[in-house]
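Reading through the structure tokens given below for one structure.
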Amino acid sequence: MSDTTQLPAFIGALDRASEWFGRTLAWLIIIMMLIQFAIVLLRYMFSVNSIFMQELVMYMHASVFMLATAYTFRHDGHVRVDIFYRGMTPRRQALVNILGILLLLIPVMVFVIASSYGYVANSWRIMETSSDYGGIPAVYALKTLIPVFALLMIIQGLIEVVRNGYIFTGRITPPAADENHLEERV
């Protein structure tokens, strides 16, 4: 990943915030694992079942999955068909990235926000709670992750448009190509 100091100040700050947010979310995985361990321990050693703890693991998993996608995108960890892309020059790769973000990513994320708005708003209107006794009384918060995910992806997409625009125009150097593609080792 290229240095954020080469980006405009506001875009660089957003990019650093995305990095920090993604790294912070990673701690939820450890917390989630510890809670899951406690659930198993309580169930099989003491015959105690906690719907709240089970739903808490589900909420944390959803949070990591939905909110860390922008971090994954920032680190080029998304799925891409590299048949042609890999052999392109950095300028052409930057152009493909810009077009993909503007023509595919952003319209799809706008659609996700638009189509989830009523679903999430209705959940907030009725303050939707868990259907299970003892569950988390905040299903509306879980559903809110859908538009938040899409908004974070749009923001990271715009950051990547600027970054790739700078690469395309030669204002910053692209990151060094990694010849050790993990998918080729499988």
Side-chain angles (χ1 to χ4, degrees), residues 1-4 12-82 101 105 108-109 111-113 115-160 163 175-176 178-186:
M1 193 56 39
S2 61
D3 187 14
T4 59
L14 282 175
D15 197 40
R16 286 187 297 279
S18 178
E19 177 71 20
W20 176 85
F21 188 62
R23 289 180 181 269
T24 302
L25 277 171
W27 286 99
L28 270 182
I29 296 169
I30 294 170
I31 296 167
M32 186 173 57
M33 181 188 70
L34 292 172
I35 293 172
Q36 186 62 52
F37 178 75
I39 290 169
V40 171
L41 197 68
L42 287 170
R43 179 180 291 157
Y44 292 107
M45 290 188 72
F46 303 106
S47 298
V48 173
N49 189 20
S50 172
I51 299 295
F52 185 87
M53 287 174 64
Q54 289 174 359
E55 286 189 4
L56 187 59
V57 169
M58 179 187 67
Y59 276 51
M60 284 191 278
H61 182 263
S63 298
V64 168
F65 183 80
M66 298 292 282
L67 302 179
T69 53
Y71 175 81
T72 302
F73 182 48
R74 180 187 188 279
H75 287 278
D76 207 22
H78 56 286
V79 175
R80 178 192 332 253
V81 180
D82 277 356
I101 292 165
L105 177 81
V108 169
M109 291 301 116
F111 174 76
V112 168
I113 291 171
S115 62
S116 69
Y117 177 77
Y119 177 70
V120 174
N122 189 45
S123 185
W124 273 88
R125 186 180 54 76
I126 64 172
M127 299 303 280
E128 188 175 4
T129 62
S130 176
S131 59
D132 294 321
Y133 178 76
I136 296 176
V139 173
Y140 55 91
L142 183 64
K143 290 181 178 182
T144 303
L145 292 176
I146 299 167
V148 171
F149 143 75
L151 182 64
L152 289 172
M153 287 297 289
I154 288 171
I155 292 168
Q156 190 62 47
L158 294 174
I159 293 168
E160 295 305 319
R163 183 187 330 273
D178 183 15
E179 296 301 324
N180 296 321
H181 299 284
L182 294 176
E183 68 275 6
E184 292 177 356
R185 288 192 225 153
V186 177

Shortest non-hydrogen contact between Q156 and A70, atoms and distance: CG-O, 3.4 Å
Test side-chain contact (heavy atoms from CB on, under 4.5 Å) on V57 and M33 and set out the steps. CA-CA 8 Å; V57 169; M33 181 188 70; over 6 Å; no
Is there a side-chain contact between P147 and V112, using heavy atoms and a 4.5 Å cut-off? no
Under 3.5 Å: donor-acceptor pair, side chain of S18, backbone of L14: no
Quick check: do M153 and T69 have side-chain heavy atoms less than 4.5 Å from each other? yes
Taking every non-hydrogen atom, the tightest pair across R74 and E160: CA-OE2, 3.9 Å
Audit row: L151, V148, side-chain contact (heavy atoms from CB on, under 4.5 Å) steps and yes/no: CA-CA 5 Å; L151 182 64; V148 171; 5.6 Å; no
Just do the side-chain contact (heavy atoms from CB on, under 4.5 Å) check on S50 and I39 with the steps written out, would you? CA-CA 7 Å; S50 172; I39 290 169; 5.7 Å; no
Is the shortest distance from a Lys or Arg side-chain nitrogen in E19 or R16 to a carboxylate oxygen in the other one below 4.0 Å? no
CD1 (I155) and CZ (F73) are apart, to the nearest 0.5 Å, by 13.0 Å
Rounded distance [0.5 Å steps], OG in S116 versus CZ in F111: 9.5 Å
Reported CZ-to-CG distance for the pair F21 and L152, which is rounded to 0.5 angstrom: 6.0 Å
Does some side-chain heavy atom of I154 sit less than 4.5 Å from a side-chain heavy atom of I113? yes
If you look only at distance, which donor and acceptor atoms sit under 3.5 Å apart when one is on a side chain in residues 135-146 and the other is two or more places apart or in another chain?
| from | atom 1 | to | atom 2 | distance (Å) |
| --- | --- | --- | --- | --- |
| K143 | NZ | E128 | OE1 | 2.7 |
| K143 | NZ | E128 | OE2 | 3.2 |
| T144 | OG1 | W124 | NE1 | 2.6 |
| T144 | OG1 | Y140 | O | 2.6 |

To the closest 0.5 Å, what do you measure between CZ (F52) and CD1 (I35)? 9.0 Å
Between L105 and M109, is a side-chain contact (heavy atoms from CB on, under 4.5 Å) present by the stated rule, with each step listed? CA-CA 6 Å; L105 177 81; M109 291 301 116; 4.2 Å; yes
Mind checking the CE-CE spacing from M58 to M32? Nearest 0.5 Å is all I need. 12.0 Å
What distance separates H61 NE2 from E55 CD, expressed to the nearest 0.5 Å? 15.5 Å
With heavy-atom distances below 4.5 Å as the criterion, would you say the side chains of M60 and I29 are in contact? no
Y71 vs R23 side-chain heavy atoms within contact, under 4.5 Å: yes
Any non-hydrogen side-chain atom of L41 less than 4.5 Å from a side-chain atom of F37? yes
Which heavy atom of N49 sits nearest to which heavy atom of Q54, and what is that distance? OD1-NE2, 2.8 Å
Is the backbone N or O of Y119 less than 3.5 Å from a side-chain atom of S123, with the two atoms forming a donor-acceptor pair by type? no
